[in-house]
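The model shown is predicted, which means the values in this text are computed figures rather than measured ones. In what follows, every heavy atom counts, from backbone to side chain, and hydrogens, waters and symmetry copies are set aside. Below, read A as the first sequence line, B as the second, and so on, with proteins coming before strands; counting in each chain starts at 1.
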2 protein chains.
Amino acid sequence: MIRLLLAEDQGMMRGALALLLGLEPDFEIVAQVGAGDEIVPRALETRPDVALLDIELPGRSGLDAAAALREALPACQVLILTTFGRPGYLRRAMEAGAAGFLVKDGPVEELAVAVRRVLAGERVIDPGLAAAALSAGPNPLTPRERDVLSAAVDGATVADIAAKVHLSPATVRNYLSSAIGKTQTRNRMEAVRAARQNGWL
Amino acid sequence: MIRLLLAEDQGMMRGALALLLGLEPDFEIVAQVGAGDEIVPRALETRPDVALLDIELPGRSGLDAAAALREALPACQVLILTTFGRPGYLRRAMEAGAAGFLVKDGPVEELAVAVRRVLAGERVIDPGLAAAALSAGPNPLTPRERDVLSAAVDGATVADIAAKVHLSPATVRNYLSSAIGKTQTRNRMEAVRAARQNGWL
DNA sequence: GCCCGGCCGGGACAAATGTCACGGGCCACG
DNA sequence: CGTGGCCCGTGACATTTGTCCCGGCCGGGC
């Protein structure tokens with residue numbers, strides 16, 4: 001019996017996947033969670049063989065949780081299952097010790113075979129995505145630039161950002177400017193868009 | 001036998017739902033599509049009793065397709081299934097003649113019962129969402145304001161927008177300003193965010 | 001008919017934004 | 001020990017953005 005943990009915030013998706021995987025005769029869903037900060041505790045309780053994690057989760061990112069899970073329960077393999085095939089996500093997933101990376105496009109059948117492969121010690125990664133991740137190069141943004149850029153989503157003014165990050169407005173503008181330069185964009189919104197696109201959040 | 005059409009762009013979600021609904025003894029999935037502009041043609045071919053439509057689809061919005069489908073095939077009931085419970089979406093769905101509106105949170109079991117209810121002539125709508133839709137009021141934006149605001153996503157400059165919408169830059173700024181006023185926000189990004197939030201895109 | 005509202009444009013102005021040059025402090029690496 | 005990178009801040013500057021005027025052209029409704 002292969003013991004599975006499933007982390008996914010969308011209730012319908014979670015339920016459908018659980019039902020689906022439960023149909024496989026040798027699979028058993030031992031835990032379903034809808035928030036990132038429940039992953040590690042539930043895993044410690046239920047000792048799954050494979051954890052299927054979404055990335056965008058309330059509470060804690062699936063990538064964060066993946067790293068923590070590898071630490072706390074090395075026997076458990078991590079398979080990332082995400083909507084967005086962003087190069088930076090894949091890179092971070094690998095750095096976090098994930099054994100596989102699937103996007104939610106692709107057919108459902110992929111899922112079960114991926115689980116089995118991962119358990120067999122293989123790594124499963126979309127080849128095209130791997131190429132994109134390599135060609136995109138590593139994250140050029142410094143930690144501070146990331147902070148400022150993250151705080152700049154949904155139209156915050158410089159003053160808002162400065163307050164949120166506890167910096168001088170002047171400094172914020174400098175970081176924004178350098179981030180805009182590094183992303184080769186023309187303004188802050190394009191910069192956040194580009195950074196998100198690449199998974200450099 | 002209840003004949004179903006399923007429109008959803010995410011392959012995994014589509015596959016999982018199809019499998020799930022196929023499990024019901026009296027359901028039959030007669031068509032699966034991944035793009036909005038395939039909905040009506042496929043429906044005319046396959047004559048489903050109920051169409052399950054996502055809203056955000058490539059090619060054509062599910063809401064658009066819903067209206068066209070009600071026109072072309074009045075016997076077919078429309079059930080909107082979406083990630084975002086935006087008040088304006090619900091409103092537009094109702095205006096398009098949809099019989100039900102479900103969000104992808106909530107448990108999977110809801111889905112089958114919703115299909116049966118819709119077929120029985122009932123309307124299925126989340127009560128909380130209905131209240132929100134009523135309290136939010138109708139879309140205050142004029143068509144042009146919508147155009148300009150839509151073109152303002154991901155950091156386009158005034159010149160970009162003017163070129164995209166074939167207007168003078170001065171006019172664009174006026175529309176942006178009035179849209180900002182109507183959404184009670186401080187800049188264009190907050191305005192697009194607010195407008196999207198309410199489903200006024 | 002007249003008025004109202006949406007459409008389209010212009011001009012002028014304050015504020016916000018993006019850029020550049022410049023300082024100093026800190027830590028790591030050769 | 002120097003050098004380079006990141007951190008944090010300042011000041012000045014041109015550009016962009018948001019706002020408030022103004023004008024005119026339509027079409028629908030009382």
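Within the structure, every side-chain polar atom (N or O) of Arg186(B) is placed at least 4.0 Å from both OP1 and OP2 of dG18(D).
In this structure, Glu145(B) places its CD atom 12 Å from C1' of dG5(C), rounding to the nearest Å. As rounded to whole Å, 17 Å separates atom P of dG18(C) from atom NZ of Lys182(A). For Arg146(B) and dC7(C), the CZ to C1' distance is 14 Å, given to the nearest whole Å. If you take NE2 of His166(B) and P of dG9(C), they are 12 Å apart, rounded to a whole angstrom. Atom CD of Glu190(B) and atom P of dT19(D) are 11 Å apart (whole Å). Whole-Å rounding puts the Leu141(A) CG to dC7(D) C1' distance at 15 Å. As a whole-Å value, the separation of Arg144(B) CZ from dC26(D) P is 16 Å. Atom P of nucleotide dG18(C) and atom CE of Met189(B) are separated by 12 Å, given to the nearest angstrom.
With Val124(B) as reference, Leu102(B) is the one residue of Leu102(B), Val113(B), Val115(B) to meet the side-chain contact (heavy atoms from CB on, under 4.5 Å) rule.
A distance of 11.0 Å separates CG of Asp147(A) from NE2 of His166(A), quoted to the nearest 0.5 Å.
Between Ser178(B) and Glu145(B), the side chains place a donor N or O and an acceptor N or O closer than 3.5 Å (distance only, hydrogens not considered).
Atom CZ of Arg42(A) sits in a crowded spot, with more than 12 heavy atoms from other residues, nucleotides or ligands closer than 6.0 Å. Atom CZ of Arg116(B) has more than 12 neighbouring heavy atoms from other residues, nucleotides or ligands inside a 6.0 Å radius. With a 6.0 Å radius and a threshold of 12 heavy atoms from other residues, nucleotides or ligands, Glu71(B) has its CD atom at or below the threshold.
Closest to the side chain of Ile180(A), out of dG18(C), dT19(D), dC6(D), is dG18(C). Residue Asn187(A) has its side chain nearest to dG18(C) when only dG18(C), dG18(D), dC7(C) are considered. In the set dC8(D), dG18(C), dG6(C), the nucleotide with an atom closest to the side chain of Arg188(A) is dG18(C).
The shortest distance between side-chain heavy atoms of Thr83(A) and Val103(A) does not fall below 4.5 Å.
Within residues 169-179 of chain A, the residues that have a heavy atom under 4.0 Å from DNA chain C are, in order of number, Arg173(A), Asn174(A), Ser177(A).
Counting only distance, with no hydrogens or angles, the side chain of Arg14(A) and the backbone of Asp105(B) share no donor-acceptor pair below 3.5 Å.
The pair Arg92(B)-Asp64(B) does not count as a salt bridge, with every side-chain nitrogen at least 4.0 angstrom from each carboxylate oxygen.
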### Sugar-phosphate or base contact per nucleotide [nucleotides 23-30 of chain C; S, B, -; heavy atom under 4.0 Å]
--------
